[in-house]
Visitor: 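Before I ask anything, here is the structure I am working with.
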Amino acid sequence: MKRTKEDYPSFNLFSIVGTWESVNLNPTIIIYRSDKEYLLSIIYVSETTKQASPATYEIQQDGSQYFIAIASKRLYVDHDLAKDILNISSLGDYLRN
C-alpha cells in the first residue's frame with residue numbers, strides 16, 4: 001500500500017519540545033525527547049500538599065495523528081504552527097512557556 005501525504009502528521013514532534021501552559025488552567029505539560037521516542041509529562045500539583053508529581057506518556061503515531069494513551073483512552077496531540085498553540089484533546093489548548 002502506497003502512503004500518501006494524509007498518512008503523515010502536519011508537524012514534526014521536534015517542533016513541540018518544551019514546556020506548555022494550559023489556557024484552561026489544566027496541568028502544565030513538558031514534551032521532551034528520550035533516545036528515539038518523544039515523551040509528554042503532565043505535571044499534577046496536589047491541592048493539599050502543593051507537591052508536583054509528573055505522569056509521563058510516550059507520544060505515539062497513528063497514521064497522520066499523534067496521541068498519548070491514558071487509561072486505555074487516546075488523547076490526540078495537535079499543533080497549530082502559525083499560532084504556536086498545542087491542543088490536547090479533552091485538555092484543551094496550551095501556550096509555549
Side-chain angles (χ1 to χ4, degrees):
M1 180 167 69
K2 186 175 181 180
R3 292 181 64 141
T4 64
K5 184 179 178 187
E6 288 76 31
D7 293 327
Y8 298 96
S10 61
F11 65 95
N12 185 309
L13 285 175
F14 180 76
S15 69
I16 62 170
V17 167
T19 304
W20 296 82
E21 290 189 15
S22 173
V23 298
N24 302 323
L25 301 176
N26 284 319
T28 297
I29 63 168
I30 300 171
I31 297 173
Y32 57 98
R33 185 175 177 178
S34 177
D35 292 324
K36 294 183 180 183
E37 60 191 18
Y38 285 85
L39 302 173
L40 184 149
S41 290
I42 301 173
I43 311 300
Y44 296 100
V45 178
S46 168
E47 294 289 324
T48 55
T49 65
K50 304 297 183 202
Q51 292 286 328
S53 60
T56 301
Y57 308 94
E58 179 184 357
I59 300 176
Q60 301 174 52
Q61 184 177 348
D62 181 11
S64 65
Q65 295 183 305
Y66 290 119
F67 69 93
I68 58 172
I70 298 178
S72 71
K73 180 179 177 185
R74 286 185 176 187
L75 299 185
Y76 288 93
V77 178
D78 195 17
H79 183 230
D80 182 329
L81 292 168
K83 296 178 183 175
D84 198 25
I85 295 175
L86 187 72
N87 180 273
I88 300 177
S89 62
S90 81
L91 292 178
D93 291 337
Y94 283 78
L95 300 176
R96 194 182 299 268
N97 186 351

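Computed from a predicted structure; not experimentally measured.
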Visitor: For residues Asn97 and Thr28, determine if any side-chain heavy atom of one lies less than 4.5 Å from a side-chain heavy atom of the other.
Guide: no

Visitor: Taking all heavy atoms of Phe11 and all of Val77, pick out the closest pair and write down the distance.
Guide: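 What the structure gives for the nearest pair is CZ-O, 3.8 Å.
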
Visitor: Report the relative orientation of the aromatic rings in Phe67 and Tyr76; use parallel for angles under 30°, tilted for 30 to 60°, perpendicular for over 60°.
Guide: tilted

Visitor: Under a single-linkage definition using a 4.5 Å side-chain heavy-atom cutoff for Ile, Leu, Val, Met, Phe, Trp and Tyr, are Ile30 and Tyr57 assigned to the same hydrophobic cluster?
Guide: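 No, it is not one cluster - the side chains of Ile30 and Tyr57 are not joined through contacts under 4.5 Å.
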
Visitor: State yes or no: do Tyr44 and Ile31 share one hydrophobic cluster built from I, L, V, M, F, W and Y residues joined by side-chain heavy-atom distances below 4.5 Å, directly or via other members?
Guide: yes

Visitor: To the nearest 0.5 Å, how far apart are OH in Tyr38 and CD in Gln60?
Guide: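 Answer for the OH-CD pair, Tyr38 versus Gln60, is 15.5 Å.
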
Visitor: Would you call Leu91 and Asn24 a side-chain contact if the rule is heavy atoms closer than 4.5 Å?
Guide: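 Counting from C-beta outward, Leu91 and Asn24 never come under 4.5 Å.
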
Visitor: Are any non-hydrogen side-chain atoms of Leu40 and Leu75 less than 4.5 angstrom apart?
Guide: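 Leu40 vs Leu75: side chains apart.
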
Visitor: Could you check whether any side-chain N or O of Asp80 sits under 3.5 Å from a backbone N or O of Ala82, counting only pairs where one atom can act as donor and the other as acceptor?
Guide: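 A pair under 3.5 Å: yes.
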
Visitor: Work out which heavy atom in Asn12 is nearest to a heavy atom in Phe14; give both atom names and the distance.
Guide: OD1-N, 2.7 Å

Visitor: Run the side-chain contact (heavy atoms from CB on, under 4.5 Å) check on Asn26 and Ile88 step by step: do they pass?
Guide: CA-CA 11 Å; Asn26 284 319; Ile88 300 177; over 6 Å; no

Visitor: To the nearest 0.5 Å, what is the distance between CD1 (Ile59) and CD1 (Ile68)?
Guide: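 If we round to the nearest 0.5 Å, Ile59:CD1 and Ile68:CD1 are 7.5 Å apart.
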
Visitor: Heavy-atom distance under 4.5 Å between the side chains of Arg74 and Asp62, does that happen here?
Guide: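 Side chain of Arg74 against side chain of Asp62, heavy atoms only: contact under 4.5 Å found.
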
Visitor: Please answer: with hydrophobic residues joined when any side-chain heavy atoms are less than 4.5 Å apart, are Ile70 and Leu39 in the same cluster?
Guide: no

Visitor: Heavy-atom distance under 4.5 Å between the side chains of Ile85 and Leu95, does that happen here?
Guide: yes

Visitor: Quick one: list whatever passes salt bridge (Lys or Arg N to Asp or Glu O under 4.0 Å) with Asp84, sequence neighbours left out.
Guide: Arg96

Visitor: Looking at Ser22 and Tyr94, what are the two nearest heavy atoms and their distance?
Guide: N-CD2, 3.2 Å

Visitor: Taking Leu81 as the starting point, is it possible to reach Ile16 by hopping between hydrophobic residues whose side chains are less than 4.5 Å apart?
Guide: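 Hydrophobic grouping puts Ile16 with Leu81.
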
Visitor: For residues Thr56 and Ser41, report the shortest heavy-atom separation together with the two atoms involved.
Guide: OG1-OG, 2.7 Å

Visitor: Is a side-chain donor or acceptor of Glu21 paired with a backbone partner of Val23 at a separation under 3.5 angstrom?
Guide: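 No, Glu21 side chain to Val23 backbone: no donor-acceptor pair under 3.5 Å.
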
